[in-house]
Amino acid sequence: MSSISLSSTENSFSRLDMAIADFLTTRSPLVGEQRSLLKVLLARLSNQQAQGHNCLLLSEAERDLIAQSNLVTELSNVPLSALLPAIRPLVLEQHRLYLQRYWAYEARLAWQLVNKIKLRHAFTDIDSALDRYFPPLPNNETDWQRAAAKMALQQVFSIITGGPGTGKTTTVVKILALMQELTETPLHIALAAPTGKAAMRLQESIGQSINRLPCTQAIKQSIPDKVTTLHRLLGARANSPYFRHDTTHPLVYDLIVIDEASMVDLALMSKLVDALKASGRLILLGDKDQLASVESGSVLADLTEALPAQTLELKVSHRFDHDIKALAEAINSQRAEQAWQLLQQQNNTVGILNGDPIHYVAEQQHAYLRLIKQGASFQEIYRSFNGFQVLCATRQGTNSVTDLNYRVEQQLARENLITLSGLWYAGRPVMITQNNPTLHLYNGDIGICLPDTDNANKLRVFFQQADGMVKKYLPARITHCETVFAMTIHKSQGSEFDEVLVVLPELMNPVLTKELLYTALTRAKKSLKVVAEEPIFKATTLQKIQRVTGLVNKLKQD
């Protein structure tokens with residue numbers, strides 16, 4: 001056992017890590033040094049889970065130790081169709097150690113998708129219809145959007161990936177129209193996204209795209225123009241990890257489209273696929289190069305790697321400004337020196353912001369705060385606020401979300417643009433941090449506290465929902481939220497802003513990766529500024545996320 005390290009001390013782990021390790025270790029017959037080694041190993045597993053990994057890779061010595069613990073179900077080359085129930089708290093599959101629940105999510109998702117892929121519900125005689133929706137491009141260029149549509153028409157499960165502006169939404173709207181044209185009975189279709197913000201953005205894009213379709217009005221009307229959150233689609237239950245829709249109560253839809261699929265974690269994706277009816281189609285849209293989900297897994301990246309026949313990448317950007325696109329490509333390819341040089345241009349599109357960013361950030365808030373004083377509508381105020389956003393890499397420390405939100409509030413108060421008389425004040429922007437199905441508010445939803453003219457100007461928190469409706473709540477009911485002049489880059493996924501300020505910390509840490517930076521800068525539509533020291537920026541570009549999962553292996557073995 002000497003090859004197993006005890007160098008990881010209890011200070012390396014959270015209280016939850018140690019509690020899980022203690023709970024499981026006391027149920028093992030191991031004693032002495034083996035018991036101590038087992039405790040560290042189990043704390044590492046919990047810690048890995050918290051960092052987004054599905055499992056923990058073990059050395060040969062660690063594998064031997066855990067096999068003696070009486071805590072694991074050992075599996076080796078088990079066919080997915082078997083889906084053997086793991087009755088012990090851990091699962092050991094080759095050299096991958098799982099908490100039982102996450103092995104089950106991974107195995108269930110792989111098994112369901114393998115079965116789904118085997119189904120054949122291909123539409124026939126599609127070439128002439130495709131030509132009408134996707135006219136030939138000049139110079140015989142490859143039309144990746146047409147290729148993606150053809151793939152989706154021929155398969156029950158498909159993934160369309162691509163960077164910002166490559167036309168994922170435009171393509172899927174045409175796919176929906178094509179399917180409705182080619183089917184004898186109109187399909188029942190659902191559109192969803194992981195967050196309310198992403199759902200609203202998809203809904204806006206679809207509304208703009210439908211009118212340009214080369215089809216009859218009847219076909220246009222058969223395409224849904226409402227987008228919901230994934231939690232609402234599945235029927236979230238209050239204070240429960242389970243949903244109303246599952247294998248025993250499947251969704252009724254013939255086709256479900258999920259946007260921003262890179263944000264969907266392993267557990268949620270597994271539950272979604274479980275809830276599909278047997279003949280239901282699924283289309284995932286997303287950017288495989290973005291950050292993986294906050295919770296466990298890198299599902300979209302894993303699926304694109306394991307299922308190339310079900311995946312098509314759109315490769316031509318139609319929206320990005322050239323400078324932002326060039327910077328995104330340099331970062332995605334980890335060309336750190338080139339990316340830094342692009343930022344030195346200091347043009348109107350991209351550039352470095354030197355010094356303390358507080359005065360600059362506060363100045364960007366003036367427009368929406370003035371609209372509040374002028375008595376503008378919530379929609380006008382909300383639109384103005386969303387024109388600019390600060391994105392931070394960290395939650396604590398200098399240049400973090402907590403630091404910038406506090407200092408921006410203080411600066412705006414000094415300028416008499418807000419009145420800090422308590423936690424809630426007119427103009428306070430907030431982000432929901434915990435799902436609340438009762439209020440129909442979900443993690444990532446953004447609202448603004450405003451005087452309510454219908455209630456003697458008493459403060460209410462206004463939210464615009466995915467369907468465009470505006471809801472307002474007493475501040476006391478909004479218990480899980482935070483001020484959002486600045487948000488983490490993770491929380492910005494699924495959003496777009498005209499102008500973005502990306503703020504990196506002063507010290508390097510494991511959170512800083514090229515995926516984080518790529519995700520941040522691709523939130524900007526028109527202009528981008530970065531607050532970062534050169535060594536930190538370059539080191540971030542050169543660091544890549546490597547999540548440990550077994551999903552690719554499971555999908556390829558069947």
Side-chain angles (χ1 to χ4, degrees), residues 112-113 115-136 143-162 166-193 199 202-228 230 233-234 245 250-261 272-273 275-286 300 303-304 307 309-314:
Q112 291 277 43
L113 287 179
N115 286 333
K116 181 69 66 177
I117 288 166
K118 292 175 181 176
L119 296 176
R120 288 289 176 264
H121 292 306
F123 291 93
T124 56
D125 301 323
I126 62 175
D127 286 332
S128 60
L130 283 167
D131 290 340
R132 182 157 43 85
Y133 281 85
F134 301 93
D143 190 338
W144 298 107
Q145 294 184 11
R146 186 186 193 279
K150 187 170 185 176
M151 175 191 70
L153 290 170
Q154 294 174 324
Q155 300 182 147
V156 176
F157 172 67
S158 53
I159 305 167
I160 300 173
T161 184
T166 52
K168 295 186 292 293
T169 304
T170 301
T171 303
V172 83
V173 170
K174 292 181 179 180
I175 291 170
L176 300 182
L178 281 161
M179 286 186 176
Q180 295 291 39
E181 274 193 21
L182 296 167
T183 188
E184 294 181 3
T185 305
L187 300 176
H188 193 19
I189 300 171
L191 309 174
L202 177 61
Q203 185 165 300
E204 290 170 2
S205 298
I206 285 177
Q208 294 166 2
S209 300
I210 286 177
N211 292 331
R212 298 194 294 267
L213 292 172
C215 61
T216 66
Q217 193 63 31
I219 294 297
K220 292 178 183 179
Q221 291 175 350
S222 70
I223 299 172
D225 58 359
K226 303 297 182 186
V227 183
T228 186
L230 196 43
L233 175 72
L234 291 173
H245 293 289
L251 293 158
V252 299
Y253 301 101
D254 303 304
L255 167 64
I256 296 175
V257 177
I258 305 297
D259 195 18
E260 298 293 347
L272 167 66
V273 175
L276 296 176
K277 70 178 186 179
S279 60
R281 292 174 177 266
L282 178 64
I283 298 176
L284 301 181
L285 307 177
L300 184 66
L303 294 180
T304 58
L307 304 172
Q310 284 70 42
T311 303
L312 197 135
E313 181 178 1
L314 305 180

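- The closest side-chain heavy-atom distance from Leu255 to Leu176 is below 4.5 Å.
- For the pair Ile175 and Ala152, the tightest heavy-atom approach, listed with the atom from each and the gap, is CD1-CB, 3.8 Å.
- Leu312 is not listed as a side-chain neighbour of Ile159, based on a closest heavy-atom distance of 4.5 Å or more.
- Listed for the Lys168 side chain is no donor-acceptor partner under 3.5 Å among the backbone atoms of Asp259.
- The CZ atom of Phe157 sits 13.0 Å away from the CG atom of Asn115 when rounded to the nearest 0.5 Å.
- Heavy atoms only, all atoms of each residue included: Gly280 and Val156 are closest at O-CG1, 3.4 Å.
- Scanning both residues, Ile206 and Pro224, for their nearest heavy atoms gives CG2-O, 3.9 Å.
- Although no hydrogens or angles enter the test, the distance criterion places a donor-acceptor pair under 3.5 Å between the side chain of Thr311 and the main chain of Leu307.
- A distance of 11.0 Å separates CD of Glu204 from OG1 of Thr169, quoted to the nearest 0.5 Å.
- Scanning both residues, Pro135 and Asp143, for their nearest heavy atoms gives O-OD2, 4.1 Å.
- For the atom pair CG (Leu282) and CD (Gln112), the distance works out to 11.5 Å, reported to the nearest 0.5 Å.
- Side-chain atoms of Phe123 and Met179, non-hydrogen and from C-beta on, do get closer than 4.5 Å to each other.
- Here Arg132 pairs with Glu181 in a salt bridge; the nearest charged N to carboxylate O distance falls below 4.0 Å.
- A cation-pi arrangement is found for Lys174 relative to Phe134, the charged atom lying closer than 6.0 Å to the ring centre and inside a 45° cone about the ring normal.
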Could you check Ile126 against Leu178 for side-chain contact (heavy atoms from CB on, under 4.5 Å), going step by step and ending with a plain yes or no?
CA-CA 9 Å; Ile126 62 175; Leu178 281 161; over 6 Å; no
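- Distance check: Ile160 CD1 to Thr304 OG1 gives 13.5 Å after rounding to the nearest 0.5 Å.
- With hydrogens and angles ignored, the 3.5 Å screen pairs a side-chain donor or acceptor of Gln203 with a backbone N or O of Val227.
- When all heavy atoms are compared, the tightest approach of Lys277 to Lys116 is O-NZ, 3.3 Å.
- No donor-acceptor distance shorter than 3.5 angstrom exists from the side chain of Gln155 to the backbone of Lys150, with no hydrogens or angles considered.
- Between Arg146 and Asp127 the shortest heavy-atom distance is NH2-O, 3.5 Å.
- In terms of modelled atom types and a separation under 3.5 Å, the side chain of Ser209 and the main chain of Val173 share no donor-acceptor contact.
- Using a distance-only test at 3.5 Å, with no hydrogens or angles considered, a donor-acceptor pair links the side chain of Asp254 to the main chain of His188.
- Note: Leu213 CG to Ile223 CD1 = 5.0 Å, rounded to the nearest 0.5 Å.
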Does Trp144 form a side-chain contact (heavy atoms from CB on, under 4.5 Å) with Thr166? I'd like the steps, not just the answer.
CA-CA 9 Å; Trp144 298 107; Thr166 52; over 6 Å; no
Going through the checks in order, is the side-chain contact (heavy atoms from CB on, under 4.5 Å) test met by Ile258 and Leu191?
CA-CA 6 Å; Ile258 305 297; Leu191 309 174; over 6 Å; no
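- From Asp125, atom CG reaches atom CG of Leu182 across 8.5 Å, with rounding to the nearest 0.5 Å.
- A side-chain donor-acceptor contact under 3.5 Å links Gln180 to the backbone of Leu187.
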Going through the distances and angles, do Val172 and Leu285 end up as a side-chain contact (heavy atoms from CB on, under 4.5 Å)?
CA-CA 8 Å; Val172 83; Leu285 307 177; 3.9 Å; yes
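- Without hydrogens or angle criteria, Thr216 side chain to Ile219 main chain gives a donor-acceptor distance under 3.5 Å.
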